[in-house]
Amino acid sequence: MDNIICPKDFPELKNDLFLRAARGEETEQVPVWCMRQAGRYLPEFREFRAGKDFFDTCRSPEACCELTLQPLRRFPFDAAIIFSDILVVPQALGMDVQMVPGKGPSFPEPLKGPDDLQRLRPKVDVPAELGYVFRAITLTRHKLEGKVPLIGFTGAPWTLMAYMIEGGGSTTYSKAKRWLYSHPEASHQLLRQLTSVIVEYLLGQVAAGAQALQVFESHAGILGPVQFKEFCLPYLRDIARRVKDQLKESGQESVPMIVFAKDGHYALEDLAQSHYEVVGLDWTIDPRSARERTGGKVALQGNMDPCALYAPKERIAEIVKKMLDGFGPRGYIANLGHGLYPDMDPEHVGAFVEAVHAHSRQLLK
Ligand code: CP3
């Protein structure tokens, strides 16, 4: 194997603020990164992606590496997240997924009923199907030169199941929710199948060089507490427990894991006891109440409304200050409550990052 893409002898990590905060340890300043920090709000991203198919880009380790590094050349983020997508997992299971410009993801042949589960590969060869993500991680870990840690990620089972049935985004997710009510057994079968692939996928990411893992349960909010407890929580727990157990068994170092269940704060107490070190929050929850409800069991990540980046820079600094005062500077990773939008001004992203660093240094003095 080419030296440069060998998953060992990685450069020494120079900034471990993110990893320390994730473990609840002391830091000199609050670490910050943004979901979708590699994205269309950056002119260099738009230029690089122009004319190329989205998933072709995902399958090129060199392209993923370049797109991961772009935001770090502009802003002093304290973590990098590998450029990829959650929908590469349904592809690995044998489903066709396309990214339609201006529309979003589209599955030409979504799962219509339980019989369609037979269309999925019963046994996924994860290194063969998703090895390109592992190679992107290894290459990026080298090219990062130890500047900041590299985060790997996956979609959570329910969120992926919802896409596989809906065939794309939806406002009601009623096709996917119909399965939960009318085909609970088949739903659990699919969720179990996804969980197994996800566990192997995350372990492969760690072996390739990922230093932390985030699990995106983007469609938690469409469920209520009862369905969340049955169809999300057990699988989220299972993922973290199996990843940790298997890392331990194979003598590998454990990595912090983040669970981000968007709009799922009805489940905050449960999420804080699900074997994740960090719980990611969207902007609809108050920082102080999130701290109270998680009782110091986990570090928290989030949660500024992405739309606050439309405010003037001075106002962004005030909003950040309030957020930091609410969360407190320990066991805290600053982020937005969801991803950046394409029409956001990079300068305002810079103002957000700077405000987090400046105000947290004041608090920690
Ligand atoms: O910088 C990063 O955060 C890393 C890369 C990343 C992407 N997608 C790149 C991407 C990550 C972590 C994701 C996760 C992802 N993908 C989620 C979970 C997070 C969330 O938003 O809740 C979801 C639901 C998806 C599925 C997905 N991928 C959608 C709905 C879309 C279309 C959105 C749009 O704005 O058009 C994508 C496409 C996508 N994934 C883009 C990027 C940068 C934009 C399209 C492009 O670059 O051409």
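In what follows, residues are counted from 1 in the order of the sequence shown. Every number for a ligand or one of its atoms is a count from 1 in the order of the listing.
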Closest protein heavy atom to [atom], given as residue, atom name and distance to 0.1 Å:
| atom | answer |
| --- | --- |
| atom 23 (C) of ligand 1 | Ile86 CD1, 3.4 Å |
| atom 48 (O) of ligand 1 | Arg49 NH2, 2.6 Å |
| atom 11 (C) of ligand 1 | Phe153 CZ, 3.5 Å |
| atom 1 (O) of ligand 1 | Ala38 N, 3.0 Å |
| atom 20 (C) of ligand 1 | His338 NE2, 3.1 Å |
| atom 33 (C) of ligand 1 | Arg36 NH1, 4.0 Å |
| atom 7 (C) of ligand 1 | Ser84 O, 3.2 Å |
| atom 40 (N) of ligand 1 | Asp85 OD1, 2.9 Å |

Checklist entry - With a 4.0 Å cut-off on heavy atoms, is Gly339 touching ligand 1? => result no
Numbered atoms of ligand 1 (with element) below 4.0 Å of [X], judged on heavy atoms:
| X | value |
| --- | --- |
| Met99 | 28 (N), 37 (C), 38 (C) |
| Ser218 | 18 (C), 19 (C), 20 (C), 22 (O), 24 (C) |
| Phe83 | 9 (C), 43 (C) |
| Phe45 | 43 (C), 47 (O) |

Checklist entry - Distance-only, no hydrogens or angles: does the Asp282 side chain make a donor-acceptor pair with backbone N or O of Gly337 under 3.5 Å? => result no
Next on the checklist: Tell me whether the NZ or CZ atom of Lys229 lies within the 45° cone about the ring axis of Phe231 and under 6.0 Å from its centre.
Outcome noted: no
Item to check | Donor + acceptor pair across side chains of Gln252, Gln246 (<3.5 Å) | outcome: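 No, no side-chain donor-acceptor pair sits under 3.5 Å.
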Next on the checklist: Counting only nitrogen or oxygen atoms and a 3.5 angstrom limit, does Ile82 reach ligand 1?
Outcome noted: no
Next on the checklist: Side chain or backbone, does Arg40 bring an N or O within less than 3.5 Å of an N or O on ligand 1?
Outcome noted: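 It does: an N or O of Arg40 is found under 3.5 Å from an N or O of ligand 1.
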Checklist entry - Taking it one step at a time, do Lys313 and Glu354 satisfy salt bridge (charged side-chain N to carboxylate O under 4.0 Å, His left out)? => result CA-CA 10 Å; Lys313 289 188 208 160; Glu354 204 207 299; over 6 Å; no
Item to check | Working for ring-ring contact (aromatic ring centres under 6.0 Å, His included), residues Phe10 and His142 | outcome: CA-CA 6 Å; Phe10 289 127; His142 279 288; 4.8 Å; yes
Item to check | Taking every non-hydrogen atom, the tightest pair across Tyr173 and Ser170 | outcome: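 Tyr173 and Ser170 have their closest heavy atoms at N-OG, 2.8 Å.
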Item to check | Closest non-hydrogen atom pair between Leu19 and Pro149, with its separation | outcome: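 Minimum heavy-atom contact is CG-CG, 3.8 Å.
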Item to check | Aromatic ring pairing Phe18/Trp33, orientation class (parallel under 30°, perpendicular over 60°, tilted between) | outcome: perpendicular
Item to check | Geometric class of the Tyr163/Phe107 ring pair [parallel <30°, tilted 30-60°, perpendicular >60°] | outcome: parallel
Checklist outcome for this item: dist Ile222:CD1 -> Glu166:CD (nearest 0.5 Å) comes out at 8.5 Å
Checklist entry - Heavy atoms only: which of Pro105, Cys64, Gly104 is nearest to atom 29 (C) of ligand 1? => result Pro105
Checklist outcome for this item: atom 42 (C) of ligand 1: of Phe54, Phe216, Tyr341, the nearest heavy atom sits on Phe54
Next on the checklist: Is it the case that the ring center of Tyr41 lies less than 6.0 angstrom away from the ring center of Tyr341?
Outcome noted: no
